[in-house]
Amino acid sequence: MKSSRVTLAVLLLFVGLVLVNYLASSLPGRLDLTGDKLYTLSAGTKSLLGKIEEPITLDFYFTRSATGLPIAAKNYADRVQELLRQYARNAGGKLRLNIVDPRPDTPEEERAGLAGIAGQALPSGDRLSIGLVATQAGQQKVIAALTPSREPFLEYDISQLIYNVQQLDRKKLGILSSLPVMETQNRALVMQGRGDPGQVIAQEWGNTFELVNVDTSAVALPKGLDALAILHPQALTASLKFEIDQFLLSGHPVFLAVDPSSLYYKQQSGMLVSIGSAPPNASSNLPELLKAYGIEYDADSVVGDENRATQTRDNNGNPVRTPVWLTLDGTNFNKAVQPAGPVNMVRLIEAGALAPTAGSKLTFTPVVQSTESGGMIKSDLLMINSGELLTRALQASGKKPLAALVTGKFPSAFPNGAPAEPADPANPAPKPALTVPALKESSGTSTLFIVADTDWFLDPVAVQKQTFLGQTYIQPRGDNLAFATNVMEFLGGSSDLINIRGKGNSARPFDVVQAMEVEANRQYQDKAAGLEKRLTEIQTRLDEIAGKNQDNVRLVASAETTQAIAEARREQATLRSQVREIRRTLREGIDALEDKLLLTNLVIAPAGLCAFGLWFHRRRRLPA
């Protein structure tokens, strides 16, 4: 082949590669080969994009030109950018994406700052900004910082941003509770400049929603509610239960917190008994609704877990480990469900267990569970207040769901329509007539988030209050408050958002290499611990020798001490040599594996191309 032809062939090959890349980037179809489908939008996101009415502009700010930009930040920004392009492709022209580099002293940097995207300083002196701004018809919503720690929920966060920018008014959240959650307006206290501000969780929910108080004695729910929180329901009217049922079946989300043993009511019980009044019921339940919805819940038993027991004090003030006070960490939470994603520690007090009824057609997703050491304890035994006796009574029977997300088409708990309310002379208010026929099944997908405890979001468990110079400061205890806020923001969003689940990270470490490094570190730590223990024993023996020979240290103890020190140094050198040998051997194995992986990555593509070239060459030379 002439040199001119070779040059032409190489040139055509280069042009072909460029055209192939261009066509690949222009085609609407994509092939996602990642294990967690990182670049594939969920059905909920696609449904959300299909409902956009007015065009939305997404401005993705990333300082790609910053000096000293960490490679991890660049890779994550590429991941975000590619996902945003997927959004734009699936929005039918209703989503416009702008990639903006807010370089120093530019209008782009000024716009980023005005939107609340400040960035963080790099060692080079530049600032790294990575944020997202959504704008629709003059309204703007911002994610000030897209961080890799939220990568599993990246799709959820972007979809929530797109949903929120389309909302003009705050949604209404109904609070139906027998607990003092909402702010009370006692006229006499208000006149004195005092009043009950309610629980901190209500203030947190009030930042997102317009809160509407629902009296437990009401016969109907207020009109216009978008979501409903039912907290420790007790003695609800039959009409109100029917209203709750129809509210859920109509597609509105409901957050339900029941409790087999409310610490708040037990404390109130002690106060009332001391003054001769009847103690209140400490448990709560909605048996008619839960049975119809296929949810099992025993209002007379609590969950104990020896592995998650919390240290408390008994009646005598002695410290004890109480297995029914559960201190849960991130391993007890289903991280695929958005509200549980960032949770690391939550405390539940005498919580109940939940489970799906056999044959239920609803999707029951446990969100919080005990460990395998979980078991049930009858509520009557809690009066013992002895951690040791409760631990003895506990029989481990496996993981117990403490909170769950239930979705699907719910059957009505009142298939025959609205129930007849018993006559009450003290409350002759007429029951409002239904304006629409009663639903016997969910009109679409309904969502119920249920937790079998009510103490976890109340102030005594969720926060610590301190007073300084007349001001009250609030310090969260663990993630109780954050979890409760996440749940309501999750439910208060679009039904499409509820269906989005967390995904994995784009960074895929070599698990085998990491396991080998962990093993090397473990063996090193074991040897190091043994060495320290042996040296401590030698030092103790030296101290004993010195103590026994205080009267003649230089004549007798000196020689023995010198010999002991020499032996210790020899043993120390031997042990350290052994440790180095173990680390060297394991390091050689790790390096060999890394070399193999590197060689495979470098060789596999050229080898495949060569194999294809040889095959193609042979095919051309074969006679027809």
Side-chain angles (χ1 to χ4, degrees), residues 167 169-183 198-199 201-259 284-290 292-293 295 297 339 354 362 367 403-414 418 432 434-436 438-439 442-454 457 483-495 497-498:
Q167 308 306 309
D169 301 314
R170 289 199 303 171
K171 290 190 172 184
K172 292 184 178 180
L173 170 63
I175 306 289
L176 193 165
S177 178
S178 60
L179 299 167
V181 175
M182 295 282 287
E183 179 181 1
Q199 304 295 308
I201 185 57
Q203 301 172 30
E204 291 294 315
W205 286 345
N207 294 331
T208 305
F209 300 92
E210 178 185 341
L211 302 186
V212 179
N213 187 39
V214 183
D215 196 276
T216 56
S217 62
V219 295
L221 292 174
K223 300 299 180 183
L225 294 182
D226 297 294
L228 180 63
I230 307 171
L231 315 174
H232 204 62
Q234 291 183 327
L236 303 186
T237 63
S239 298
L240 186 55
K241 294 177 184 177
F242 174 73
E243 289 270 320
I244 294 171
D245 175 81
Q246 295 295 293
F247 184 82
L248 176 63
L249 267 58
S250 65
H252 294 93
V254 172
F255 171 56
L256 173 61
V258 291
D259 200 333
S284 57
N285 194 3
L286 286 177
E288 307 96 332
L289 273 64
L290 295 183
Y293 302 157
I295 301 173
Y297 160 69
L354 304 166
L362 299 174
V367 179
L405 177 65
V406 187
T407 58
K409 284 186 171 291
F410 284 66
S412 174
F414 302 93
L434 291 175
T435 57
V436 294
L439 297 171
S442 295
S443 54
T445 299
S446 297
T447 303
L448 172 67
F449 197 104
I450 179 170
V451 184
D453 183 40
T454 58
F457 52 76
F483 183 50
T485 303
N486 290 346
V487 169
M488 282 316 308
E489 290 182 351
F490 174 70
L491 295 177
S494 165
S495 59
L497 290 173
I498 293 175

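Positions are given from 1, in the same order as the sequence printed here. Bear in mind the structure is a predicted one, so any value in this text is a computation, not a measurement.
When the ring pair (Phe, Tyr, Trp, His ring centres under 6.0 Å) test is applied to Tyr293, the partners found at least two apart in sequence or on another chain are Phe410. With sequence neighbours left out, Glu210 forms a salt bridge (charged side-chain N to carboxylate O under 4.0 Å, His left out) with no residue at all.
Rounding to the nearest 0.5 Å places OG of Ser284 at 8.0 Å from CG of Leu179. In this structure, His232 NE2 and Leu256 CG are separated by 11.5 Å, a value rounded to the nearest 0.5 Å. Taking NZ from Lys172 and CG from Asp226, the interatomic distance works out to 8.0 Å, rounded to the nearest 0.5 Å. In this structure, Phe247 CZ and Leu228 CG are separated by 5.5 Å, a value rounded to the nearest 0.5 Å. Taken to the nearest 0.5 Å, the CG atom of Leu173 stands 11.5 Å off from the CD atom of Glu489.
Across every non-hydrogen atom of Phe483 and Pro339, the tightest pair is CD1-O, 3.6 Å. Heavy atoms only, all atoms of each residue included: Leu236 and Lys241 are closest at O-CE, 3.6 Å. Of all heavy-atom pairs between Val219 and Ser239, the closest is O-CB, 3.3 Å.
Between the side chain of Arg170 and the main chain of Leu211, no donor-acceptor pair closer than 3.5 Å is present. The backbone N or O of Thr447 lies less than 3.5 Å from no partner atom in the side chain of Thr407, so there is not a single donor-acceptor pair. When atom types are taken as modelled, the side chain of Ser446 and the backbone of Leu248 share a donor-acceptor pair closer than 3.5 angstrom. Looking at Thr454, its side chain never comes within 3.5 Å of a backbone N or O of Ala257 through a donor-acceptor pair.
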Do Ser412 and Asp245 pass the side chain to side chain donor-acceptor pair (under 3.5 Å) test, and can you show the C-alpha distance, the side-chain angles, and the key distance before you say yes or no?
CA-CA 7 Å; Ser412 174; Asp245 175 81; 2.8 Å; yes

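Taking the six-membered ring where tryptophan is involved, the planes of Phe255 and Phe449 are tilted, since the angle between them lies from 30° to 60°.
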